[in-house]
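Written out below as structure tokens is the structure these notes cover.
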Amino acid sequence: MKTTKIVSTGACVPEQIITNDDLAKIVDTSDEWIVQRTGIRQRRISGGENTSVLAIGTARMVLERAQVEPKDVDLIIVASVTPDYGTPSLACMVQKEIGAENAVAFDVVAACSGFMFGLSVADKYIKTGLYRNAIVIGAETLSKIINWEDRATCVLFGDGAGGAYVEASEDSGIMQEDLGSKGELWEILTEGYTSPANAFNDVKPGVAPDYYVNMDGRSVFKFATKMVVKSVNRVLEQAGVTPEEIAFVVPHQANVRIIDVVAHKSGIPREKFYTNMDHYGNTSSASIPMALNELNSKGLIKRGDKVILTGFGGGMTWGTMLITW
Ligand code: COA
């Protein structure tokens, strides 16, 4: 049976590094609090580049590493909650800049699960045979929708992009997936609200504070630990794979404590969970592909390894995939 194989990975981040001590200069927080509660030590923050710049840099890297010509790309999907514009999509901006003139390009929105949802869509197009290959990217400039006066959220997030070039394969690739949505919980994590103000009503056009990330941190924590564990266990069970057979888990890089709980409850040894939130923070849809790219670039994954990608995010949403590398 045809599967979808990850051929290459890539990432692109802003150069500017903001440490926990830098944040302690603008809000009432400390390096100790942030490290203890989240595992984050520093993050990349835009020095002026918007999300498209990071997405384009990632697309160039995955194509170069896969040694594929832009005109041979069939599909471009970008996941983001912080695009440059409402329209055009980031995917169309990427298409223009890399010269992928024959591709179909569109964005998906599933917050921090966005890369998983984008990869799942690409996988279906490839499995049906409609398209041969795809570039899938998660890209965010979260710094533009963060309230820099809110210590409960501004310490958590960072900017960046990561992605993969995928194509049809007969032997290895995406073997099992579990995506889910729980819209009834949407209010526990929101960002980017725009008001319906117009010339014929008296709604105020102001953006703050609803425009920024608003989060009930404890409820998100509870949701994440419950759903990610269920989702990982479901994928293992459906694939008939044991925790011992997993070489690596690449989880959404939100909080090291969430990862500790997932490791404990899923039975997959904690050392198999790859983390890099200490130097990038939570980059939403970019976090899983950025971590996967780091793992791959270090040469740690071997062909044939069983790898789990798993994430959760606003919506609320979650997504897990088991991949034979
Ligand atoms: N620095 C110092 N103190 C802070 C702080 C900061 N940056 N942010 C919050 N606090 C304070 C709170 O005001 C509170 O003080 P109080 O006890 O005097 O009222 C105290 O720390 C505890 O706050 P609480 O929110 O209960 O902390 P927590 O242990 O739940 O940790 C999170 C907060 C956000 C780190 C945690 O809830 C979390 O990680 N949730 C999941 C978030 C997530 O993953 N979001 C992304 C989804 S994709």
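Counting starts at 1 for both ligands and their atoms, following the listed order. This one's a predicted model, so the numbers in the text were calculated from it and none came from an experiment.
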Check: If you measure only the distance, is there a donor-acceptor pair under 3.5 Å linking the side chains of E140 and S285?
Finding: yes

Margin query: In this structure, does ligand 1 have an atom that sits under 4.0 Å from one of the heavy atoms of A152?
Written below: yes

Notebook entry, point to check: Any donor and acceptor pair, going by atom type alone, linking the side chain of T82 with main-chain N or O of T141 inside 3.5 Å?
Noted result: yes

Note to self: For a side chain to side chain contact (heavy atoms under 4.5 Å, CB included) check, start with the C-alpha distance between R65 and S297, then their side-chain angles and the critical distance, and finish with the verdict.
What the structure shows: CA-CA 11 Å; R65 287 180 170 177; S297 302; 3.3 Å; yes

Notebook entry, point to check: Without hydrogens or angle criteria, can the side chains of N20 and W33 be said to hold a donor-acceptor pair below 3.5 Å?
Noted result: no

Note to self: Quick check: R37 and ligand 1, any N/O pair under 3.5 Å apart?
What the structure shows: yes

Check: Do any N/O atoms on H252 end up under 3.5 angstrom from N/O atoms on ligand 1?
Finding: no

Notebook entry, point to check: Ion pair present between R43 and D159, side-chain N to carboxylate O less than 4.0 angstrom?
Noted result: no

Item checked: Nearest non-hydrogen protein atom, atom 45 (N) of ligand 1 -> M215 SD, 3.2 Å

Margin query: Yes or no, since that's all I need: does a protein heavy atom fall within a distance strictly under 4.0 Å of atom 41 (C) of ligand 1?
Written below: yes

Note to self: Check D278 with R41, please: is the shortest side-chain N to carboxylate O separation under 4.0 Å?
What the structure shows: no

Notebook entry, point to check: Any protein heavy atom sitting closer than 4.0 Å to atom 17 (O) of ligand 1?
Noted result: no

Notebook entry, point to check: With a 4.0 Å heavy-atom cut-off (strictly under), which part of V27 contacts ligand 1: side chain, backbone, both or neither?
Noted result: neither

Notebook entry, point to check: Heavy atoms of the protein only: does one fall short of 4.0 Å from atom 28 (P) of ligand 1?
Noted result: yes

Next item on the list: Please could you name the atoms of ligand 1 that A254 approaches to less than 4.0 Å, counting only its heavy atoms?
Entry: 44 (O)

Note to self: Quick test: of every protein heavy atom, which one is nearest to atom 10 (N) of ligand 1, and how far off is it to 0.1 Å?
What the structure shows: W33 CZ2, 3.4 Å

Notebook entry, point to check: So is V155 polar-close to ligand 1, meaning N/O to N/O under 3.5 Å?
Noted result: no

Next item on the list: Using the side chain to side chain contact (heavy atoms under 4.5 Å, CB included) rule, pick out the option among I135, D107, V136 that qualifies with V78.
Entry: D107

Next item on the list: Starting from atom 31 (O) of ligand 1, find the nearest protein heavy-atom neighbour and note its residue, name and distance.
Entry: R257 NH2, 3.6 Å

Item checked: Nitrogen or oxygen of N282 less than 3.5 angstrom from that of ligand 1 -> no

Next item on the list: Please determine which of V108, I288, T317 meets the side chain to side chain contact (heavy atoms under 4.5 Å, CB included) test together with S113.
Entry: T317

Margin query: Can you confirm whether V121 sits close enough to F117 that some side-chain heavy atom of one is under 4.5 Å from a side-chain heavy atom of the other?
Written below: no

Notebook entry, point to check: Got the closest protein heavy atom to atom 15 (O) of ligand 1, with its distance?
Noted result: R151 NH2, 4.2 Å

Next item on the list: Please determine if R44 and E49 form a salt bridge, counting it only when a charged side-chain N lies under 4.0 Å from a carboxylate O.
Entry: no

Next item on the list: Could you pull out, from I34, T317, T38, the option with a heavy atom nearest to atom 35 (C) of ligand 1?
Entry: T38

Check: Between Y125 and Y131, does the ring centre distance come in under 6.0 Å?
Finding: yes

Notebook entry, point to check: Can you list the atoms of ligand 1 that are under 4.0 Å from a heavy atom of L189?
Noted result: 47 (C)

Item checked: Result of checking K124, R234, Q238 against E177 for side chain to side chain donor-acceptor pair (under 3.5 Å) -> K124

Next item on the list: Tell me which protein heavy atom sits closest to atom 1 (N) of ligand 1, plus the residue, atom name and distance to 0.1 Å.
Entry: T29 OG1, 2.6 Å

Margin query: Starting from atom 38 (C) of ligand 1, what is the nearest protein heavy atom, named by residue and atom, and what distance separates them?
Written below: N255 ND2, 3.6 Å

Margin query: Closer than 4.0 Å and a protein heavy atom, does any atom meet both conditions relative to atom 25 (O) of ligand 1?
Written below: no

Margin query: As an exercise, identify every atom of ligand 1 less than 4.0 angstrom from a heavy atom of C112.
Written below: 48 (S)

Next item on the list: Say whether I137 and I56 are linked into one hydrophobic cluster, either directly or through other cluster members, by side-chain heavy-atom distances under 4.5 angstrom.
Entry: yes

Note to self: If the cut-off is 4.0 Å to any non-hydrogen atom of R218, which atoms of ligand 1 fall inside it?
What the structure shows: 26 (O), 30 (O), 37 (O)

Margin query: Check this for me, if you would: do D22 and K25 make a salt bridge, where the nitrogen-to-carboxylate-oxygen distance has to be below 4.0 angstrom?
Written below: yes

Check: Hey, is ligand 1 close enough to S30 that some N/O pair sits below 3.5 Å?
Finding: no

Margin query: To check your reading of the model: name the closest protein heavy atom to atom 43 (C) of ligand 1, its residue, and the distance in Å.
Written below: V220 CG1, 3.7 Å

